[in-house]
Number of protein chains: 2
Amino acid sequence: MNLKTDLDSARDYSQQIAQTIRDAIIAGDLPVDGRLPSEGDLAARFGVSRPTVREALKRLAAQNLIRTQRGATGGAFVNRLNFEQAQEHMVTMATLLLSMNRVDFETAVEARFSLERTCLPLACTRRGPEHLARLRSEIARQAIDGLTDEGFCASDVAFHRALVDAADNPVLSWHLAGAVEAMQPLMNMITYTARSRAQIIALHSALACALEDRDLAAANAAMDELNAYTLELGSEIRTRRDRNRS
Amino acid sequence: MNLKTDLDSARDYSQQIAQTIRDAIIAGDLPVDGRLPSEGDLAARFGVSRPTVREALKRLAAQNLIRTQRGATGGAFVNRLNFEQAQEHMVTMATLLLSMNRVDFETAVEARFSLERTCLPLACTRRGPEHLARLRSEIARQAIDGLTDEGFCASDVAFHRALVDAADNPVLSWHLAGAVEAMQPLMNMITYTARSRAQIIALHSALACALEDRDLAAANAAMDELNAYTLELGSEIRTRRDRNRS
DNA sequence: CAAGTCTTATATGTCAGACATATCAAGGCA
DNA sequence: TGCCTTGATATGTCTGACATATAAGACTTG
């Protein structure tokens with residue numbers, strides 16, 4: 001637990017302190033669930049005031065690297081980063097990336113389906129009955145009459161999430177689920193007619209059946225169709241929007 | 001620029017304030033490069049003190065959502081999240097995920113090569129001469145006699161980075177490069193013999209040639225071999241380690 | 001008149017000390 | 001023994017102040 005305590009007075013102290021502690025965590029010098037020195041201690045070590053140390057700790061808390069607890073035995077503890085939290089971060093980041101960089105619909109869709117396709121070989125091999133059940137249950141929900149658009153989109157995401165989980169590789173699931181969920185805002189625009197819902201449900205069913213039969217070629221074909229149909233809907237939306245504008 | 005200013009007194013103010021501003025940024029209420037109210041203003045609006053507001057802003061700064069600038073026309077500005085910054089974050093996160101969750105080598109390697117393979121179809125279609133040049137140049141560097149292990153690993157990462165960039169889809173590049181770079185710490189262990197270097201260089205060359213010929217089957221085959229060889233080296237390392245331990 | 005310099009206003013960065021509050025542990029009391 | 005009180009310690013927050021960076025306007029000077 002020896003931290004470099006010499007700071008460059010030209011740059012933000014809180015940033016440098018955060019970086020020092022972050023490096024220590026990444027290097028494994030601070031064990032998971034280990035307790036950091038108290039804010040007062042850290043302030044004394046770095047030769048800064050407590051508010052400055054607090055700003056540094058808040059930076060780390062924002063990245064889920066530490067958690068804080070009040071009370072006598074409280075303090076700042078190194079978090080075990082879990083896949084769920086990390087995924088939230090990734091979705092937030094990916095969503096912002098897409099919206100702030102004017103990524104066009106085709107590029108995003110291409111990336112999404114390219115990525116999602118990677119789970120199919122593994123999913124065909126490893127899918128268990130519980131994965132098939134999840135897929136079927138989401139398909140059933142999507143077919144409910146009177147389901148709201150929000151409900152349909154949520155179930156759509158859950159379906160694809162189940163699909164990537166069927167590959168039974170948590171690291172892969174993390175990457176792919178992040179990619180899929182980040183697309184949700186873009187996908188929300190295109191599933192608002194009964195016709196498109198029926199078509200999407202049909203393709204979902206085809207995917208589920210392909211997984212059940214462990215038929216990789218069929219799964220790839222269904223994914224291709226879903227890809228093409230998504231692009232088609234997207235260009236339809238654009239046409240309609242352009243017509244309204246003029 | 002209307003922010004919800006009512007806070008739940010039971011939870012951290014700085015966290016709630018950060019969440020409020022974060023939501024506004026994600027929703028697009030705060031335009032990119034737009035300036036937030038000054039810390040004093042925000043403190044007055046939320047009914048808290050300036051240090052509390054500052055902790056909130058540092059949380060956002062840690063996620064690269066805002067940048068701050070001192071001086072008369074300074075303040076906190078909404079950042080345009082770019083792919084580079086976002087990738088740094090993703091690599092940090094993925095590295096921590098792998099190291100903190102005892103992900104076994106096989107799982108990580110499987111995820112990595114599954115993901116990287118997705119760029120091959122697009123890369124075979126779209127690769128330009130500049131992509132081929134980047135690939136060849138990294139291969140040349142890897143063959144240099146006396147190259148340090150660090151240098152070899154760095155060039156290895158650069159090679160795979162060039163490979164995913166050949167797909168010419170920034171969103172895909174972002175996802176895949178993050179996955180590849182996060183593996184670097186794990187890969188560092190296995191490239192320390194001349195034998196493995198020569199083999200890896202041969203497979204890199206095979207990949208480059210396949211891309212040059214736009215031969216998807218050959219590219220996939222080379223990737224398969226690289227995958228298998230990586231696993232082989234990994235299990236070799238483990239055997240050696242186990243023998244040393246006993 | 002023009003160019004450079006000075007002043008000032010405004011913002012963030014930092015500090016010091018204080019109080020509020022949550023929490024656990026130890027000691028006291030029935 | 002079991003409950004309660006008390007104290008210690010930690011984070012959470014507030015107040016007020018000073019330091020510093022920066023740009024714009026006022027001023028001075030060639």
Side-chain angles (χ1 to χ4, degrees), chain A residues 1 3-22 25 30 33-79, chain B residues 1 3-22 25 30 33-79:
Chain A
M1 245 298 303
L3 299 171
K4 264 203 313 192
T5 54
D6 48 323
L7 300 176
D8 175 2
S9 65
R11 291 181 346 203
D12 282 9
Y13 289 156
S14 71
Q15 188 178 349
Q16 296 176 63
I17 294 171
Q19 190 59 52
T20 300
I21 299 176
R22 182 171 20 242
I25 292 175
L30 298 168
D33 291 332
R35 184 177 166 282
L36 269 62
S38 72
E39 294 173 352
D41 272 7
L42 287 172
R45 289 197 203 196
F46 285 105
V48 299
S49 66
R50 197 158 80 93
T52 302
V53 168
R54 282 182 61 78
E55 288 179 8
L57 293 180
K58 295 314 166 197
R59 294 178 117 111
L60 300 176
Q63 297 180 299
N64 265 317
L65 291 179
I66 61 169
R67 63 184 179 279
T68 56
Q69 209 173 357
R70 293 176 71 169
T73 57
F77 298 86
V78 177
N79 260 341
Chain B
M1 247 298 304
L3 299 171
K4 263 203 314 191
T5 54
D6 48 324
L7 301 176
D8 175 2
S9 65
R11 291 181 349 208
D12 280 10
Y13 289 156
S14 70
Q15 188 177 350
Q16 296 177 63
I17 294 170
Q19 190 60 52
T20 300
I21 299 177
R22 180 167 25 239
I25 293 175
L30 297 169
D33 291 331
R35 183 175 167 284
L36 269 63
S38 73
E39 295 173 350
D41 273 8
L42 287 171
R45 288 198 204 195
F46 285 104
V48 298
S49 66
R50 196 158 80 91
T52 302
V53 167
R54 281 181 61 79
E55 288 179 9
L57 294 180
K58 294 314 168 198
R59 295 178 115 110
L60 300 175
Q63 297 181 299
N64 265 314
L65 291 179
I66 61 169
R67 63 183 179 279
T68 56
Q69 209 173 357
R70 294 176 71 169
T73 58
F77 299 85
V78 177
N79 260 340

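Computed over heavy atoms, backbone and side chain alike; hydrogens, waters and symmetry mates excluded. In this text, all values refer to a predicted model and were calculated from it rather than measured experimentally. Chain letters run A, B, ... following the sequence lines, proteins first, then strands; residues in each count from 1.
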Q.
Going 5' to 3' along DNA chain D, which are the first and last nucleotides with any atom under 4.0 Å from a heavy atom of chain B?
A. D:dG12 to D:dA23
Q. How do A:S49 and B:E39 order along DNA chain C: which one's closest nucleotide is nearer the 5' end?
A. B:E39
Q. Per the end-axis method with five pairs at each terminus, what is the bend angle of the helix from C:dC1-D:dG30 to C:dA30-D:dT1, to 10°?
A. 10°
Q.
So for A:R50 and C:dG17, does any side-chain atom that can act as donor or acceptor lie under 3.5 Å from a complementary atom in the base?
A. no
Q: Start with the C-alpha distance between B:I17 and B:L42, add both sets of side-chain angles, then the distance that settles side-chain contact (heavy atoms from CB on, under 4.5 Å), and finish with yes or no.
A: CA-CA 9 Å; B:I17 294 170; B:L42 287 171; over 6 Å; no
Q.
Rounded to the nearest 0.5 Å, what separates atom CD in B:Q15 from atom OG1 in A:T68?
A. 8.5 Å
**Q.** Interatomic distance, B:I66 CD1 vs C:dA11 P [rounded to whole Å]
**A.** 16 Å
**Q.** Closest heavy-atom pair and its distance - A:R50, A:G40
**A.** CD-N, 4.2 Å
Q) Partners of B:Q63 by side-chain hydrogen bond (donor to acceptor under 3.5 Å, both in side chains), sequence neighbours excluded? A) B:R22
Q: With side-chain contact (heavy atoms from CB on, under 4.5 Å) as the test, would you mind laying out the steps for A:I21 and A:L60 before giving the verdict?
A: CA-CA 8 Å; A:I21 299 176; A:L60 300 176; 3.5 Å; yes
Q | Donor-acceptor contact present, side-chain A:Q16 to main-chain A:R11, <3.5 Å | A | yes
Q) B:R54 has a side chain; which of C:dA11, C:dT14, C:dA16 sits nearest to it? A) C:dT14
Check nucleotides 22-27 of chain C for protein N or O atoms closer than 3.5 Å to its own N or O atoms and list the pairs.
residue: C:dT23; atom: O2; partner: A:A72; partner atom: N; Å: 2.9

Q: Please name all residues satisfying salt bridge (charged side-chain N to carboxylate O under 4.0 Å, His left out) with B:R59, sequence neighbours left out, ordered by chain then number.
A: none
Q) Which whole-number value in Å describes the distance from A:D8 CG to C:dG13 P? A) 15 Å
Q | side-chain hydrogen bond (donor to acceptor under 3.5 Å, both in side chains) partners of B:R70, counting only residues at least two apart | A | none
Q | Min side-chain heavy-atom separation B:T52-B:E39 under 4.5 Å | A | no
Q) Would B:I25 and B:I66 count as a side-chain contact (heavy atoms from CB on, under 4.5 Å) if you check the C-alpha gap in whole Å, the side-chain angles of each, and the deciding distance to 0.1 Å? A) CA-CA 9 Å; B:I25 293 175; B:I66 61 169; 4.1 Å; yes
